Structures are given as structure tokens and as C-alpha cells.
Number of protein chains: 2
Amino acid sequence: MTASGAPPTLRSDARRNVDRIRVAAAEVFRARGLSAPLEDVAVAAGVSKATIFNRFGGRIGLIDAVIDDLVAKELKGVIEQARAVPDVGERIRVYVGALRELQYRLPAVNGVLLRQFPDSGSLMDLCRTGEAFHGELVAQGHAAGILADGFTAHDLHALTIDNALALEHGGRPPRADYDRRTAFVLDGIRRPA
Amino acid sequence: MTASGAPPTLRSDARRNVDRIRVAAAEVFRARGLSAPLEDVAVAAGVSKATIFNRFGGRIGLIDAVIDDLVAKELKGVIEQARAVPDVGERIRVYVGALRELQYRLPAVNGVLLRQFPDSGSLMDLCRTGEAFHGELVAQGHAAGILADGFTAHDLHALTIDNALALEHGGRPPRADYDRRTAFVLDGIRRPA
DNA sequence: ATGAAGTTGACCACCCGGGTCAAGTTTCGT
DNA sequence: ACGAAACTTGACCCGGGTGGTCAACTTCAT
């Protein structure tokens with residue numbers, strides 16, 4: 001049942017503001033993570049903070065409204081990209097590399113991985129999707145015998161979490177350093193030849 | 001020249017409080033890191049927060065007063081322990097393992113590695129000591145040809161920093177998981193056979 | 001033009017920790 | 001024992017950041 005108490009259509013100015021806020025939130029969250037001050041989103045949208053509360057109910061509502069275009073598409077893209085790789089070893093390398101690249105490029109994704117807003121259903125769903133794929137990938141890796149003994153899906157997840165924390169609280173290292181370290185990480189989790 | 005404006009000796013109650021605060025600070029910092037509320041240190045010492053300011057001037061002074069017994073000894077111990085290992089590969093493994101163990105066991109050490117209080121000279125000195133040893137170790141590792149190509153002292157430092165951030169902001173994983181991941185880290189930075 | 005929808009700036013509450021100060025308490029020399 | 005200096009303390013202020021609210025004003029739609 002649809003809520004019947006609210007008017008079915010918004011007034012034109014309200015609709016315009018909703019759109020502006022969505023766009024602004026996407027920009028601000030993209031660049032500075034999901035914890036960026038709502039005040040800044042409001043300024044970027046050219047509205048007042050109160051309007052965000054009026055239209056979205058708060059940060060969670062706003063995240064739910066933009067997470068799909070912001071993070072879900074990119075993250076799912078990385079997973080699909082990896083799934084398309086036929087060789088298991090290469091698949092794991094592609095996935096870890098692409099995910100780390102995404103974490104570097106899109107701070108918002110770290111908010112998802114870190115479950116920064118457990119009250120956001122869409123965020124938690126997305127996080128679970130990622131985690132499920134980790135399970136899949138690690139199972140395939142062990143089946144093919146190319147992962148280090150004892151390496152678990154949990155370990156893979158911890159890898160991404162630790163990287164998210166490092167980026168979030170430690171800042172981004174130069175890209176070259178970051179990529180080099182990605183290679184060390186990958187070497188550490190594969191079975192020694 | 002010694003400051004002549006201040007009385008050379010403290011009154012007995014003041015001396016007692018200084019000792020109590022030092023002990024309490026060591027305990028609290030040890031268990032909860034160098035950012036633990038001074039209020040908590042005061043309570044543990046059975047004095048008021050203001051007394052800490054009277055006696056130590058603030059957090060920095062307090063850190064300077066306890067860092068040696070708290071962290072410096074342990075950290076230098078790890079370095080000496082590693083230096084005593086004859087084989088280079090083993091030396092690196094011992095050092096990384098022992099340092100990670102220390103980071104897990106003693107949150108205060110992470111505050112040092114993260115340079116949480118740049119105004120504390122003793123803290124910064126200690127941090128530099130560690131960094132210098134990293135340089136030494138990596139140079140030896142490359143000379144012996146047992147480190148991965150392109151691995152730098154900076155990378156080793158980043159490894160410890162990232163781990164510090166993960167422990168600080170992500171909490172401690174079960175010990176078994178942590179140790180297993182230590183092994184993956186080590187495998188990732190050594191030259192493939 | 002009018003009333004409802006919508007917006008807004010200013011405001012409140014909260015939490016947290018660093019830091020300060022007047023007033024009260026303890027020590028110590030005489 | 002007593003007075004002054006040393007010392008401690010609770011209560012206070014501050015800044016910084018965030019979620020959230022509301023009366024008054026503006027804009028839209030009919």
C-alpha cells in the first residue's frame with residue numbers, strides 16, 4: 001500500500017530542489033566520502049540544510065537516494081568485470097586490483113565497505129553483495145589451488161577493510177606507491193609456486 | 001642552567017600525586033592508546049584532571065613522561081631482537097612479526113607510529129628510530145636478494161602504518177586471524193623463489 | 001488573490017575533550 | 001601552633017562537529 005497521507009506530486013520548486021540535492025550529494029559524497037557534512041551538500045545544492053531534512057529525512061535517506069548511481073553501479077561493475085575473466089588466478093588479480101583502484105578513486109566506496117551507516121539498508125545490501133562475491137572468489141581460488149593455504153574469504157574482506165581504513169584515516173599515497181603495494185598484497189595471498 | 005624561579009623540591013603530596021599520575025597514565029595509555037581521555041587518567045590516579053595540567057602541562061608532557069617505559073623500551077627491544085638474528089630473511093620475518101605482535105598487544109605503539117602527537121619530541125624521536133631501522137633492514141634485504149623487486153623502506157613503513165590504522169579504527173581481530181595475515185604480508189614482500 | 005506547500009536562517013541539544021581559575025585544603029618552616 | 005606558600009579541586013568555559021526543529025517568510029497553483 002502506498003502512503004495516502006502525502007500528496008502524490010511535489011510542487012515544481014520542491015522537485016527541482018530534490019534533483020539539485022541529489023546531484024550535489026552525489027558530487028560531495030563521491031569526492032569526500034559518505035560522512036561529508038550535510039551542510040556542504042546543502043551549499044553545493046544551493047539550498048539550506050533544513051531542506052535536505054524536509055526532503056530526505058536526514059543523511060541515511062540521502063545516502064539511500066544516491067548510493068545506487070554513486071557506488072552500487074561501480075562496485076557491481078568491478079564484480080562483473082572480474083566474473084568475465086576465465087582464468088581463476090587472473091580473475092582474482094583483476095578483482096583485487098580493480099577494487100583497490102575503486103577504493104582509491106572513490107572514497108564513498110570505503111564508507112560502504114566499512115559499514116559506516118548500518119541504518120542504511122541499501123548500503124548494507126551493497127556491502128553484503130561484495131562479501132558474497134569474496135566468498136565465491138576464494139572458493140574458486142582454492143578449488144584451482146592458486147591461493148595460499150589457509151586464506152579465507154574473511155581474510156580477503158579484511159584486506160579490503162584495512163585498505164579502506166588506511167585510505168580513510170591515512171590519506172592517499174601517490175598512485176605509483178599504491179599500485180606497487182597492490183602487487184605485494186596479491187603476491188602474499190597466492191600460493192607460492 | 002637550571003630554572004631558578006621554581007622551587008627545587010615538590011611538597012610531599014605533590015610528589016605523591018606525580019607518581020600516581022605517572023603510573024595511572026602508563027596503565028591507561030598502555031591499554032587504550034595515547035589518545036585516551038586525560039580525565040580517565042586522572043580518575044585512575046585518584047586526582048583531578050586539573051592536577052595533571054598542574055604537574056605535566058597537558059597530554060604532551062604526560063606522554064613525554066611515560067613514553068620511555070611504555071613504548072620505547074619495547075620498541076627498541078624488538079629492534080635489538082631482530083638485529084641479533086644472523087640470517088637476513090629470518091631477521092626481516094622476526095622484525096615484522098614482532099612489531100606486528102607489539103602493535104596488537106600495545107595500542108600505544110600505534111600512536112607512536114602514526115605520529116599522533118607531533119609536538120611530543122620523545123614520541124617523534126622514537127618514530128624516527130623505527131623508520132631508520134626500516135631503512136637499514138630493507139637495504140640488507142635487497143643486498144641479500146630476498147626482498148621483492150621495488151620494495152622500499154617507505155613500503156615497509158606504510159605496512160606498519162596501515163596496520164596501526166586498522167587496529168586503531170577497526171579493532172583487533174582474533175589473534176589467530178591476525179597472525180595468519182602476518183604470514184601473508186611477509187609472503188608478499190619477499191622475492192618469489 | 002489566497003491558501004497550502006515549501007523553504008529558510010537561526011536556533012537548540014548533544015557529545016567530547018582541552019584547558020583555566022577562584023576558592024578551599026594540605027604541608028612545612030618557624 | 002600558626003600562618004604563608006604550595007597544592008588540589010570542582011565547576012566552569014571553550015571550540016568543533018552533528019542531528020534536528022520551528023516560526024516566519026516566500027513561492028506556487030488554482
Side-chain angles (χ1 to χ4, degrees), chain A residues 3-25 28-29 32-65 111 114 116-120 123 168-169, chain B residues 3-25 28-29 32-66 107-108 111 116-120 123 168-169:
Chain A
S4 49
T9 71
L10 289 171
R11 228 170 65 180
S12 64
D13 53 346
R15 184 136 262 341
R16 207 179 55 226
N17 283 336
V18 166
D19 290 344
R20 282 183 183 169
I21 292 169
R22 238 196 288 264
V23 170
V28 172
F29 286 164
R32 295 161 46 195
L34 300 178
S35 311
L38 291 189
E39 180 66 40
D40 292 7
V41 174
V43 168
V47 301
S48 119
K49 184 176 55 149
T51 300
I52 295 182
F53 281 86
N54 287 342
R55 295 285 141 241
F56 295 91
R59 184 183 299 277
I60 304 302
L62 194 50
I63 289 176
D64 285 343
L114 295 174
Q116 271 176 343
F117 299 94
D119 291 343
S120 163
L123 188 151
E168 183 105 332
H169 299 280
Chain B
S4 49
T9 71
L10 290 171
R11 229 171 65 179
S12 63
D13 53 345
R15 185 142 260 340
R16 208 179 54 227
N17 283 337
V18 166
D19 291 344
R20 282 181 181 170
I21 291 169
R22 238 196 290 261
V23 170
V28 173
F29 286 164
R32 295 162 46 195
L34 300 178
S35 310
L38 292 188
E39 178 68 39
D40 292 8
V41 174
V43 169
V47 302
S48 119
K49 187 177 50 154
T51 301
I52 296 183
F53 282 85
N54 288 341
R55 295 285 141 240
F56 295 91
R59 184 183 300 276
I60 304 302
L62 193 51
I63 289 176
D64 286 343
V66 301
Q116 272 176 343
F117 300 95
D119 292 343
S120 164
L123 187 151
E168 183 106 330
H169 299 280

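Since this is a predicted model, take the numbers as computed values, not measurements. Numbers restart at 1 for each chain; the letters A, B, ... are given by sequence-line order, proteins then strands.
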For Ser35(A) and for Asn54(B), locate the closest nucleotide of DNA chain D by heavy-atom distance; then report the residue assigned to the nucleotide nearer the 5' terminus.
Asn54(B)

Which nucleotide wins on minimum distance to the side chain of [X], given the candidates [options]?
| X | options | value |
| --- | --- | --- |
| Ala50(A) | dC7(D), dT20(C), dT21(D) | dT21(D) |
| Asp13(A) | dT7(C), dT26(C), dT8(D) | dT7(C) |
| Phe53(A) | dT7(C), dT8(D), dG19(D) | dG19(D) |
| Arg11(A) | dG17(C), dT8(D), dG6(C) | dG6(C) |
| Leu38(A) | dT8(D), dG19(D), dC28(D) | dG19(D) |

Could you give the [atom1]-to-[atom2] distance, from [X] to [N], as a whole number of Å?
| X | N | atom1 | atom2 | value |
| --- | --- | --- | --- | --- |
| Ile52(A) | dC22(D) | CD1 | P | 19 Å |
| Arg32(A) | dT18(D) | CZ | C1' | 14 Å |
| Phe56(B) | dC7(D) | CZ | P | 13 Å |
| Arg16(A) | dC28(D) | CZ | P | 6 Å |
| Glu39(A) | dT21(D) | CD | P | 16 Å |
| Ile21(A) | dT8(C) | CD1 | C1' | 12 Å |
| Leu62(A) | dG19(D) | CG | P | 11 Å |
| Arg20(A) | dG6(C) | CZ | C1' | 14 Å |

If I take atom CZ from residue Phe56(B) and atom CD1 from residue Ile63(B), how far apart are they, to the nearest 0.5 angstrom?
12.0 Å

Could you tell me the separation between the CG atom of Leu114(A) and the NE2 atom of His169(B), rounded to the nearest 0.5 Å?
10.5 Å

Heavy-atom donor-acceptor pair, Arg55(A) side chain to Leu62(A) backbone, under 3.5 Å
no

Describe the nucleic acid contact of [X] in one word from base, sugar-phosphate, nothing, applying a heavy-atom distance below 4.0 Å.
| X | result |
| --- | --- |
| Asn17(A) | sugar-phosphate |
| Ala14(A) | sugar-phosphate |
| Arg15(B) | nothing |

Does [N] have OP1 or OP2 under 4.0 Å away from a side-chain N or O of [X]?
| X | N | value |
| --- | --- | --- |
| Arg59(A) | dG19(D) | yes |
| Ser12(A) | dA29(D) | yes |
| Ser48(A) | dT7(C) | no |

Ignoring hydrogens and angles, answer whether the base of dG19(C) and the side-chain atoms of Lys49(B) contain a donor-acceptor pair closer than 3.5 Å.
yes

Where do Arg16(B) and Asp13(B) land on the side chain to side chain contact (heavy atoms under 4.5 Å, CB included) test, with the steps shown first?
CA-CA 5 Å; Arg16(B) 208 179 54 227; Asp13(B) 53 345; 4.0 Å; yes

Does some side-chain heavy atom of Leu34(B) sit less than 4.5 Å from a side-chain heavy atom of Leu123(B)?
yes

Would you say that Phe29(B) contacts Val41(B) through its side chain, given a criterion of any heavy-atom pair below 4.5 Å between the two side chains?
yes

